[in-house]
**Q** 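Sharing a structure below in structure tokens format, with a few things to ask.
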Amino acid sequence: MGKEKEIVYVDKSGKRLDGRKADELRPIKIKVGVVPNADGSCYLEWGYNKVVAAVYGPKEALPKHRADPYGANVNYYYRMASFSVSDRKNPRPGRREIEISKVSGEALKAAIFTEQFPNTNIDVYVEIFDSNAGTRIAGLTAASLALVDAGIPMRGIVAGCTVGKAGGHILVDLTKEEEDAPDAVDIPLAIIPETEEIVLLQMDGLLKKEEWDKAVQMGIAGCKQILELQKKALSKKFEGFPVQEIASDLRSESKKEEIKE
Amino acid sequence: MGKEKEIVYVDKSGKRLDGRKADELRPIKIKVGVVPNADGSCYLEWGYNKVVAAVYGPKEALPKHRADPYGANVNYYYRMASFSVSDRKNPRPGRREIEISKVSGEALKAAIFTEQFPNTNIDVYVEIFDSNAGTRIAGLTAASLALVDAGIPMRGIVAGCTVGKAGGHILVDLTKEEEDAPDAVDIPLAIIPETEEIVLLQMDGLLKKEEWDKAVQMGIAGCKQILELQKKALSKKFEGFPVQEIASDLRSESKKEEIKE
Amino acid sequence: MGKEKEIVYVDKSGKRLDGRKADELRPIKIKVGVVPNADGSCYLEWGYNKVVAAVYGPKEALPKHRADPYGANVNYYYRMASFSVSDRKNPRPGRREIEISKVSGEALKAAIFTEQFPNTNIDVYVEIFDSNAGTRIAGLTAASLALVDAGIPMRGIVAGCTVGKAGGHILVDLTKEEEDAPDAVDIPLAIIPETEEIVLLQMDGLLKKEEWDKAVQMGIAGCKQILELQKKALSKKFEGFPVQEIASDLRSESKKEEIKE
Amino acid sequence: MQNIIWELESDKIRKTVLENKRLDERAFDEYRPIELTTNISHNADGSCQVKLGKTEVMVGVKSVLGTPYPDKQNEGSISVNMEFLPIASPEFEYGPPSSESIETARVVDRGLREAKALDFTKLCIIEGEKIWVVFLDIYTLNQDGNLFDASSIGCLKALSEAKLPKLDENNVIIPYEYDKKLELKRHPLLSTFVKIGNSVLVDPTLGEEKASSARFSIATTEDDYITAFQKGGKASGSFSVQEIDQCIETAFKRAKELRKKFFGKK
Amino acid sequence: MQNIIWELESDKIRKTVLENKRLDERAFDEYRPIELTTNISHNADGSCQVKLGKTEVMVGVKSVLGTPYPDKQNEGSISVNMEFLPIASPEFEYGPPSSESIETARVVDRGLREAKALDFTKLCIIEGEKIWVVFLDIYTLNQDGNLFDASSIGCLKALSEAKLPKLDENNVIIPYEYDKKLELKRHPLLSTFVKIGNSVLVDPTLGEEKASSARFSIATTEDDYITAFQKGGKASGSFSVQEIDQCIETAFKRAKELRKKFFGKK
Amino acid sequence: MQNIIWELESDKIRKTVLENKRLDERAFDEYRPIELTTNISHNADGSCQVKLGKTEVMVGVKSVLGTPYPDKQNEGSISVNMEFLPIASPEFEYGPPSSESIETARVVDRGLREAKALDFTKLCIIEGEKIWVVFLDIYTLNQDGNLFDASSIGCLKALSEAKLPKLDENNVIIPYEYDKKLELKRHPLLSTFVKIGNSVLVDPTLGEEKASSARFSIATTEDDYITAFQKGGKASGSFSVQEIDQCIETAFKRAKELRKKFFGKK
């Protein structure tokens with residue numbers, strides 16, 4: 001093990017393994033309104049990650065004893081296609097998918113005016129067709145737009161961004177390769193950018209308080225970049241343009257963001 | 001493989017491996033009304049195949065949201081006993097059993113006046129206790145009689161017969177040995193003989209159009225032979241004879257049929 | 001096999017492998033009222049066996065079509081913790097647990113005035129956290145007290161005791177080691193001691209009628225000893241003493257019993 | 001609806017029993033007629049159809065290759081399973097086995113296993129490596145009570161008819177070829193009783209089961225062993241030691257008759 | 001509510017068909033436009049997105065190591081599975097696969113397997129020991145009818161694009177490295193028809209499926225074979241021999257066009 | 001009914017919190033009393049019963065033999081599972097694990113695994129072939145809130161007491177004989193907070209959990225690492241960066257006290 005060539009996660013010129021800078025996101029494409037049958041939907045590519053999110057509802061909550069008279073249930077289903085990972089995944093949902101569904105649904109619920117829809121269900125389906133680190137955040141980001149597309153009133157769009165550590169560096173939007181670093185720490189983060197409220201936050205690994213302080217600021221900045229892309233995708237859909245494909249080269253986008261901050 | 005002794009599926013005198021002719025059925029026994037608790041039932045032996053079919057219903061469809069206000073649901077359950085095949089079968093229903101149940105139920109539904117029984121279920125249970133090719137057709141043939149026994153009004157009795165190819169020959173009612181021919185094609189077929197309406201038809205393998213043309217005619221003729229046996233079994237039951245066992249030596253029957261055609 | 005050293009299950013002085021006499025029970029501790037959320041509960045140690053029993057109910061039976069208008073359903077759930085046995089147990093309930101739950105629930109039902117609570121469920125949960133032969137009887141004994149603790153009216157307390165054979169001797173309260181004897185017979189027995197009604201009785205092995213005659217008398221005597229311990233535990237709880245732990249050294253107890261008989 | 005009909009039936013049965021009679025005129029210690037038909041499936045290694053009055057079950061034996069338990073390196077094994085087919089009763093449905101079907105299968109299984117009806121070492125092929133696991137699968141065809149006893153005799157008969165599959169030189173099963181018959185060392189048979197009022201009745205019909213307050217089963221062998229007890233029953237019933245003694249006596253007598261009739265035991 | 005809307009839609013479709021027309025103005029033997037996009041997942045060994053009108057499915061291929069069936073020691077295997085994602089329709093839900101999804105997967109599976117579309121001996125790595133099992137997983141993205149044909153062409157295209165993973169010297173898969181492409185020997189394609197009144201329509205929309213009395217599917221190959229039939233449909237419909245002949249003719253014609261367009265077959 | 005009672009309780013709790021108080025008079029950053037009892041099961045390799053206020057869980061360790069993951073040939077593994085026993089609450093029922101129990105088990109599991117609390121290479125028996133899989137099974141006995149922290153400390157304590165089973169010369173487990181103790185490299189402990197109104201409370205009771213708008217958990221170690229975050233909660237709540245900083249401070253302080261008290265760490 002000690003003999004393996006050590007990987008340099010950020011080189012002297014500040015470049016990561018894929019050429020990005022520490023605070024730079026991978027290329028992202030977003031298209032709102034892709035599933036004709038759904039009340040709202042979104043297709044999102046984030047690096048190699050490919051996600052389709054669809055929303056059905058609000059609709060009557062059945063069976064009735066699971067209805068909430070104070071507001072809508074938000075049922076979030078995060079699932080990975082069998083071919084979306086390196087080893088074929090068993091099609092049945094695993095414990096990881098169930099946990100991600102739970103925390104993602106709770107994150108969205110924090111942004112939805114659920115009280116306007118008592119005794120209903122809002123079903124949010126997120127399917128991952130290709131993956132390379134960061135799928136839960138890609139899914140949540142797409143799901144947030146599918147909710148807007150479905151006309152569900154929200155206190156703000158939920159925007160997510162992973163931040164973490166690899167090779168001693170704090171980095172946004174880790175790739176699979178970076179997540180496999182021996183000291184890797186992965187911090188999925190989602191906020192309502194307008195208020196900086198944290199609605200999803202998870203973390204595993206060994207992280208010092210000072211590292212967290214730096215990471216959370218980079219993560220929030222990343223979420224704000226995502227928000228701009230989300231808004232752009234929504235305006236394309238709702239200005240009635242015939243949307244074919246929305247390619248946002250994030251590398252140039254993110255440079256602009258850097259200047260703004 | 002090439003060295004294996006080649007099997008002659010039909011010999012020079014027109015005889016198959018078990019001595020039958022191309023259009024000859026295996027011996028068949030049918031007995032209607034064998035399960036005291038059921039509303040209708042039938043026991044059927046077809047070569048080595050042994051089937052019990054039972055009908056319960058029409059009865060109130062529960063849960064109510066699955067009731068059809070325009071007519072009865074026909075729920076067909078084809079299952080194989082664990083010991084009915086060469087290797088012990090897992091008792092849980094497999095994908096094959098679920099598919100066979102679906103197409104068999106749809107075949108029967110085409111013959112039942114379901115519209116006379118809105119919001120009800122007609123449950124048809126078919127259990128295979130021994131098998132040697134052709135069990136789905138044996139099951140459907142028995143189920144059709146169980147429905148009549150249950151007094152459910154039908155546009156006609158459904159009669160089935162497998163037809164197929166082995167060793168280049170078009171044959172009715174293939175055995176397991178014939179089904180294992182390298183060029184085997186298996187065509188389960190069921191009709192309402194009076195109108196020649198096809199209510200079940202499946203096929204796998206490599207079949208030329210001309211072969212199909214021949215096969216379908218032989219299959220229909222086979223179904224008509226089956227219908228006669230079905231009628232005989234029903235009349236035994238309903239004429240009130242003390243039925244012990246109905247043995248119809250199909251070999252002699254089928255000779256008569258040949259002459260008729 | 002024949003070469004293995006033969007185990008002497010009862011030595012010349014009448015002592016068993018753990019020093020007990022043939023009719024002597026293992027040490028038992030009982031504490032009533034241990035689960036704050038439950039309507040009634042009991043913790044019981046019996047040799048190495050450790051059991052928690054809790055009762056919820058009577059409460060409305062749902063779904064309604066499973067309610068009994070003539071009396072309460074008694075739903076008994078006997079389960080073993082994964083770490084309660086030598087090889088880690090799969091957490092899903094096995095066929096053994098389902099059968100034990102069935103006969104134990106039926107045993108308790110014989111003692112409960114279920115007719116006083118039509119259309120309700122009485123749920124009895126029994127979890128085994130450590131085991132060494134006799135867990136079903138330990139569970140039933142604890143469950144009976146949990147029912148009393150829940151204030152459910154009963155014709156009598158159900159008391160249980162295992163009796164059996166090892167090395168040719170009829171013994172009460174077999175240990176795992178005794179149960180593994182080549183000629184072992186295991187007879188779980190539970191009665192309502194006041195009337196000597198048998199409410200649970202199972203047996204496997206090879207037993208002569210004369211052996212049964214002896215066994216049943218020893219078993220009934222064992223059950224009566226248990227009843228005394230059950231009453232003591234209840235009185236501790238209900239006299240309002242601050243109960244910390246009820247340790248009943250059965251060895252001295254059982255000697256007294258011997259004299260009485 | 002169904003329930004109301006059974007309630008009325010139960011009342012009638014209880015009244016009749018009070019007059020020391022049964023609806024079908026049997027004596028309290030009298031079985032219904034039993035018919036066994038073997039060799040019902042050429043794919044099974046052994047099989048038996050049982051008609052006990054109107055109750056009917058099918059039993060098939062299939063032996064498959066397995067590995068021994070760590071603590072029984074030189075012994076094969078049996079596995080009894082039971083499916084309550086919905087063919088047999090409007091009260092049965094598909095799905096995970098009910099606690100009733102599990103109980104029946106387990107009582108039959110233990111009855112054979114613990115009575116050492118088979119010499120399990122004869123089911124060992126290679127010590128510590130390869131054994132026979134003999135599956136006994138029971139299917140209901142018509143439910144009219146006492147599935148316990150119908151299953152018990154059906155399994156014993158199917159076992160007594162069963163042959164082990166033939167193995168080739170690599171210990172792979174040769175389909176449809178068979179080796180020696182399984183040899184039964186003992187013939188344990190179950191007898192089941194229900195209690196109605198203060199009476200104890202053998203071989204209950206479904207109606208009698210529903211009218212009863214408790215159930216009790218006993219297996220006995222030709223060498224005068226009791227090999228299984230099982231007390232059950234959904235209502236609030238119990239048995240006294242005297243009642244159990246009475247059941248044991250009937251069970252021994254009845255099992256002896258059945259062993260004579262169906263297994264050629266004197 | 002949903003049901004009432006579909007009832008009204010069905011009435012409209014049936015009336016239109018009586019006038020020899022379809023709601024979307026297609027001829028009875030006319031397909032909807034088809035678009036295929038390949039290589040949609042870098043983790044899949046091959047993949048294809050299919051749009052057939054508004055119906056949309058995703059297909060991915062993953063080959064995993066397995067052991068051969070006892071009776072096919074020198075052959076690999078395929079396994080087709082289908083998930084009706086609730087993304088695609090308010091009528092779909094998670095849980096055990098529905099009989100509809102099982103039927104679709106099995107018809108596609110048999111269509112490939114029995115037509116010998118692949119040379120299964122080429123999926124054998126070590127005879128009797130190690131083979132490739134090629135998984136084809138189909139996911140619905142939008143349901144507007146005829147999932148059969150969309151799945152059939154999607155699977156065939158994904159297979160035709162798929163490569164086998166590379167193995168190291170110990171026959172362990174090297175992630176993201178690939179060996180040769182899978183080679184297709186035949187290109188069987190399914191064509192599905194429904195019957196509405198006395199008319200037979202190819203490539204039904206969801207509305208047409210719901211308005212129909214029966215469904216019929218046929219797979220055909222470039223070497224003039226029929227390789228699969230499947231009759232189905234929830235309503236009380238049937239087909240005559242003549243109708244089936246008419247379907248066969250259309251199926252051959254249509255499959256030829258699709259093979260030319262998407263698989264470069266003349 | 002149940003729901004209405006909880007609604008009233010929640011209102012009361014929210015009002016009390018507005019007055020900077022808790023119903024049980026604790027300070028916002030104050031834990032309930034904790035009691036640990038070890039060695040509760042002689043069949044477990046290590047075990048611990050936790051009482052945290054009225055919340056109670058049982059944890060048992062069982063190590064079983066397994067094979068290593070392909071990418072971790074020289075490492076053993078742990079597996080944390082949690083069962084919400086219906087003994088503990090009228091809201092729990094048997095069946096497939098709820099998302100709540102899965103979340104709890106996974107947070108505890110990752111907390112141990114990612115903090116490298118164990119040296120996983122010491123769980124390797126033969127590289128690439130045989131490893132220990134250490135199962136940690138958590139059972140609820142009474143649910144009064146904060147099952148996260150009760151499970152976290154219960155698992156750590158049970159692990160710290162656990163011994164590996166002894167193996168014979170063929171690497172088969174010798175029942176009830178033990179080898180060395182498992183050695184803990186780090187002692188990560190979870191601290192859980194809820195938000196009620198604008199206040200953040202540590203170690204919530206069940207009532208406080210139900211009255212809260214969001215939940216947040218942090219694991220910390222003796223060497224000043226944060227090793228896990230988990231934000232959750234069923235209502236529409238969120239946390240600010242400042243609130244999280246406040247939680248981190250309390251979590252470090254509290255974990256230090258617990259490590260001192262129960263693990264002899266200064």
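Per chain, numbering begins at 1; letters A, B, ... match sequence-line order.
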**Q** Verify the neighbour count for atom NZ of C:Lys59: are there more than 12 heavy atoms of other residues, nucleotides or ligands below 6.0 Å?
**A**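 Count over threshold, so yes.
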
**Q** Sort C:Leu108 into side chain, backbone, both or neither according to what part of it lies under 4.5 angstrom from a heavy atom of chain D.
**A** neither

**Q** Between C:Glu106 (side chain only) and D:Gly233 (backbone N and O only), is there a donor and an acceptor less than 3.5 Å apart?
**A**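 Between the backbone of D:Gly233 and the side chain of C:Glu106 there is a qualifying donor-acceptor contact (under 3.5 Å).
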
**Q** Around C:Lys176, counting heavy atoms of other residues, nucleotides and ligands shown, do more than 12 lie under 6.0 Å from its NZ?
**A** no

**Q** Got a sec: does the OH of C:Tyr70 have more than 12 other heavy atoms crowding it under 6.0 Å?
**A**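 No, because the 6.0 Å sphere around OH of C:Tyr70 holds 12 heavy atoms or fewer from other groups.
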
**Q** At a 4.5 Å cut-off on heavy atoms, which part of C:Thr114 comes close to chain D: side chain, backbone, both, or neither?
**A** side chain

**Q** Kindly indicate, with the supporting measurements, whether the criterion side-chain contact (heavy atoms from CB on, under 4.5 Å) is fulfilled by C:Trp212 and D:Ile248.
**A** CA-CA 10 Å; C:Trp212 160 247; D:Ile248 292 173; 3.6 Å; yes

**Q** Using heavy-atom distances under 4.5 Å, tell me whether C:Asp213 contacts chain D through its side chain, its backbone, both, or neither.
**A** side chain

**Q** Please report the interatomic distance CG(C:Leu207) to CZ(D:Phe229), rounded to the nearest 0.5 Å.
**A** 6.5 Å

**Q** Quick one: what part of C:Lys102 sits under 4.5 Å from any heavy atom of chain D, side chain, backbone, both or neither?
**A** side chain

**Q** C:Ala110 and D:Gly237: which non-hydrogen atoms are nearest, and at how many Å?
**A**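 Answer, listing the atom of C:Ala110 first, then D:Gly237: CB-O, 3.5 Å.
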
**Q** Does anything in residues 96-125 of chain D reach chain C? List residues with heavy atoms under 4.5 Å apart, or say none.
**A**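 Counting heavy atoms that sit under 4.5 Å from chain C, the residues of residues 96-125 of chain D involved are D:Ser99, D:Glu100, D:Ile102, D:Glu103, D:Ala105, D:Arg106, D:Val107, D:Arg110, D:Glu114, D:Ala115, D:Lys116.
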
**Q** Applying a heavy-atom distance below 4.5 Å, give me the residues of residues 201-224 of chain D that approach chain C, sorted by number.
**A**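 Residues in range: D:Arg215, D:Phe216, D:Asp223, D:Asp224.
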
**Q** Do you know which of C:Lys208, C:Glu196, C:Met203, C:Lys209 has the most heavy-atom pairs with chain D at a distance under 4.5 angstrom?
**A**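 Between C:Lys208, C:Glu196, C:Met203, C:Lys209, the count favours C:Met203.
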
**Q** Where along residues 137-159 of chain C does a heavy atom come under 4.5 Å of chain D, listed by residue number?
**A** C:Arg155

**Q** Applying side-chain contact (heavy atoms from CB on, under 4.5 Å), run through C:Ile198 and D:Val241 and close with a yes or a no.
**A** CA-CA 7 Å; C:Ile198 295 171; D:Val241 175; 4.0 Å; yes

**Q** Going by the rule salt bridge (Lys or Arg N to Asp or Glu O under 4.0 Å), which residues pair with C:Asp87 if we only count those two or more places apart in sequence or in a different chain?
**A**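 Salt bridge (Lys or Arg N to Asp or Glu O under 4.0 Å) list for C:Asp87, sorted by chain: empty.
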
**Q** Taking all non-hydrogen atoms of both residues into account, name the closest pair between C:Glu197 and D:Ser238 and its distance.
**A**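 Smallest heavy-atom distance, with atoms named: OE1-OG, 2.6 Å.
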
**Q** Is it the case that over 12 heavy atoms from other parts of the model lie below 6.0 angstrom from the CD atom of C:Gln116?
**A** yes

**Q** Would you check if C:Leu189 and D:Lys231 make a side-chain contact, meaning some heavy-atom pair closer than 4.5 Å?
**A**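 Contact flag for C:Leu189/D:Lys231 side chains = no.
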
**Q** Counting heavy atoms not belonging to C:Asn90, are there more than 12 under 6.0 Å from its CG?
**A** yes

**Q** Has D:Glu257 got more than 12 heavy atoms of other residues, nucleotides or ligands less than 6.0 Å from its CD?
**A**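 Correct, the count exceeds 12.
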
**Q** Give a yes or no on this: more than 12 heavy atoms of other residues, nucleotides or ligands lie within 6.0 Å of atom NZ of D:Lys234.
**A** no

**Q** Give, as side chain, backbone, both or neither, the part of C:Leu201 having an atom under 4.5 angstrom from any heavy atom of chain D.
**A** both

**Q** Has D:Tyr94 got more than 12 heavy atoms of other residues, nucleotides or ligands less than 6.0 Å from its OH?
**A**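 Yes, enclosed.
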
**Q** Specify which of C:Val199, C:Leu206, C:Ile98, C:Val103 makes the most heavy-atom pairs with chain D at under 4.5 Å.
**A** C:Leu206

